[in-house]
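Letters go in sequence order (proteins before strands), and every chain restarts at 1.
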There are 2 protein chains.
Amino acid sequence: MKLKEFAKQLGLSPTTVSRALSGYPEVSEKTRKRVAEEAVRLGYRPNVNAVRLVTGRAGAIGVVMGRNGEFQFSEYMSGMAERLDSEDIDILVTPIAEQGGKDESQLYSRLATSGRVDAVIIHSPMPKDERIALLHRLGMPFLVHGRSETDVPHAWLDIDNEGAVRRATSHLIDLGHRRIAMINGRAGLTFSLHRDQGYRKALEQRGIPFDPRLVAHGHFTDELGFRFARSFLEQSPPPTAFVVGSMMTALGVYRAVRSFGLVVGRDISVIAHDDVFPYLTADNMVPSLSTTRSSLRAAGARSADLVLQLLSGRPATEIHELWPVELILRESTGPVPHSDAIPDKAG
Amino acid sequence: MKLKEFAKQLGLSPTTVSRALSGYPEVSEKTRKRVAEEAVRLGYRPNVNAVRLVTGRAGAIGVVMGRNGEFQFSEYMSGMAERLDSEDIDILVTPIAEQGGKDESQLYSRLATSGRVDAVIIHSPMPKDERIALLHRLGMPFLVHGRSETDVPHAWLDIDNEGAVRRATSHLIDLGHRRIAMINGRAGLTFSLHRDQGYRKALEQRGIPFDPRLVAHGHFTDELGFRFARSFLEQSPPPTAFVVGSMMTALGVYRAVRSFGLVVGRDISVIAHDDVFPYLTADNMVPSLSTTRSSLRAAGARSADLVLQLLSGRPATEIHELWPVELILRESTGPVPHSDAIPDKAG
DNA sequence: CCGAAAATTTAAAACGATTTGGCTGTCTGC
DNA sequence: GCAGACAGCCAAATCGTTTTAAATTTTCGG
């Protein structure tokens, strides 16, 4: 059913019908209501592509999926969908092809100039992220999920990674731990940096010297968690606590601790960051895992919301949101075992 | 840059330019080459939305993401992207909103009639899947990732779940196991059914009676793996081997086995199905996990390919692909411990 | 060289909506 | 009773392509 035909059946002009459906004020309330009802009854819905052509809008938000099919994406997108459900806006996923080899920024500029999306969401930004400059230059609206230090104005939504890790580390210090290892995300990413800073600040505040041998960076995989944890535990003296970047990594850490005949929560304390996935929960681990928690799904929903605001004209410079992170203590954290306790110089 | 302008610069008509770029035969090779080169040089690219309007194509394939933000989606979509990279086709993700409550089939019919996608991919089908009938009725091309028993003709790509589990179970029987537990996917889904069948056939072939108390169904989460495995191990006599539906579930099983003071690979054998994720690999588990393996990424790539064939006219009834599954033996499987060995009546 | 057939190229008509600018009739204030 | 404001509706232009049908040019056998 086309607009023309539908309008004729109503005895109205296409103009009036179009306006009625779009909620323009130039149409009487009575007419608007009638049009809306008939549209449902007769099943008229504007052709998306015609609308897109004439309005110049794409009706979609672009999301670029990282190189390794990162497992958290589904959760974030579910959140986006929650918010976008009522709007007439799609989520367009552009995964970076594994073998592609093509320059990543080329992918972004192609996406931006393709006219397929009205806005883009950037993930895992770096302090100096060229994607931000690129999209700004191209005039494509975008939201950064995370933060960057660039001068280019940009909208962002981030969680307080620095604060989260600072509190986690402080808590471990409160429990008497002095050698605390940290398994962080990939080096160079802003959130990894912030977490590093949180870790160092906590140590500093308590006068504990920073030991670079206790910090590792890498992808959030079970395997790296295992390897890093093992190599830390081989040091002498070994750390008595771990601050870990993800649930998947924590799995590897648990495994490594066990492989040394040690017990998590008694010999070794662990706090991990939890993005809240339905298929892997901190409460169910044995022992249950203390976490810094922030829902990725909620972030997705709010991201969609902020992008909509951006598209309706709110200036990017106004859109900055920093979410606090909960620290949830469970069984994986406990006081430092006595034999390992090192006198606290500051105490 | 618009077509009209671009054509003028070349001294050609819009028609010729359009045809040259679309590779129609009515244009001389010389002209085609010149047009292609100039298009790159001057940066001309057809407006997507205009093309979509006039051709009636959406230029996108729809994927509906399950209710729980299933973690495997990213991997599958990465595969799709690999294939779609060269084509001018997008991936449109429609996650089912958590709270939405709306009828799922309504979501599909909205997607199908929205004109936003040229084809849809259906995941986790059931033997009688109403989505299949629905899309067929609506005339929307679709590919089923998995299989269904419906009479409605449909294209599908599936892995040999039945054969995979049959071989896995047979292998465990060869090792002397007689009480073999099975943690399967959600009840009612075709792939779960096929796996059940594979399991029962393997038992049947060796004259081992089927015990329904050794089979469980549910989401592929770490938690359910743990709970099911524990409840199995509490039976007497307990099973000596597990066939497990996913890597995430296997994590829970390992945990449960340990919680009983038992050792995987010695006291309890485990074989799990592995969809091959970069962040959780069977080789790195301790002990390394024997798996039935099939790359979800490869399935994604092939799915995209098949959808393209579908769109270019190949009849859906011709498109049926059943992939074999590898059985890879690692350390998690071993002979049944002597004390538990039960005489094989068939032997 | 001619004329028909083949090879190129083109003008103009879609595709299905939104939106600009204009038109009609009713209401308001004086 | 009238000018002006205003509410409500409409005709036609527009978005940027593809494609149909027709026109032009080239090729080639006789």
Could you tell me the separation between the [atom1] atom of [X] and the [atom2] atom of [N], rounded to a whole number of Å?
X	N	atom1	atom2	value
B:Arg32	C:dA7	CZ	P	14 Å
A:Asn49	D:dT18	CG	C1'	14 Å
B:Arg57	D:dT19	CZ	C1'	12 Å
B:Glu29	C:dA6	CD	P	21 Å
A:Glu26	C:dT20	CD	C1'	11 Å
A:Leu3	D:dT14	CG	C1'	15 Å
A:Asp88	C:dA17	CG	P	13 Å
A:Lys4	D:dA11	NZ	P	11 Å

Original post:
Taking the nucleotide of DNA chain D with the closest heavy atom to each, which residue, B:Ala50 or B:Tyr24, is nearer the 5' end?
Top reply: B:Ala50
Original post:
Among side-chain atoms of B:Thr113 and A:Arg45, is any donor-acceptor pair under 3.5 angstrom?
Top reply: yes
**OP:** Check the side chains of B:Thr15 and B:Ser18 for a donor-acceptor pair under 3.5 angstrom, ignoring hydrogens and angles.
**Re:** no
**OP:** Looking at every strand, decide which applies to B:Tyr44 at a 4.0 Å heavy-atom threshold: base, sugar-phosphate, or nothing.
**Re:** sugar-phosphate
Original post:
C:dC15, D:dT17, D:dT14: which one has an atom nearest the side-chain heavy atoms of A:Lys2?
Top reply: C:dC15
**OP:** Can you figure out which of D:dC15, C:dA17, D:dC9 approaches the side chain of A:Leu53 most closely?
**Re:** D:dC15
Is there a side-chain contact between [X] and [Y] in this structure, where contact means two heavy atoms from C-beta onward sitting under 4.5 Å apart?
X	Y	value
B:Ile122	B:Tyr108	yes
A:Thr94	A:Leu107	yes
B:Met65	A:Ser78	yes
A:Phe6	A:Leu12	no

Original post:
Residues from residues 9-19 of chain A sitting under 4.0 Å of DNA chain D, heavy atoms only?
Top reply: A:Gly11, A:Leu12, A:Ser13, A:Thr15, A:Thr16, A:Arg19
Subject >> Check: A:Phe142 ring centroid to A:His136 ring centroid under 6.0 Å >> reply: no
Subject >> Whichever of B:Thr55 and B:Val27 has its nearest DNA chain C nucleotide further upstream toward 5' >> reply: B:Val27
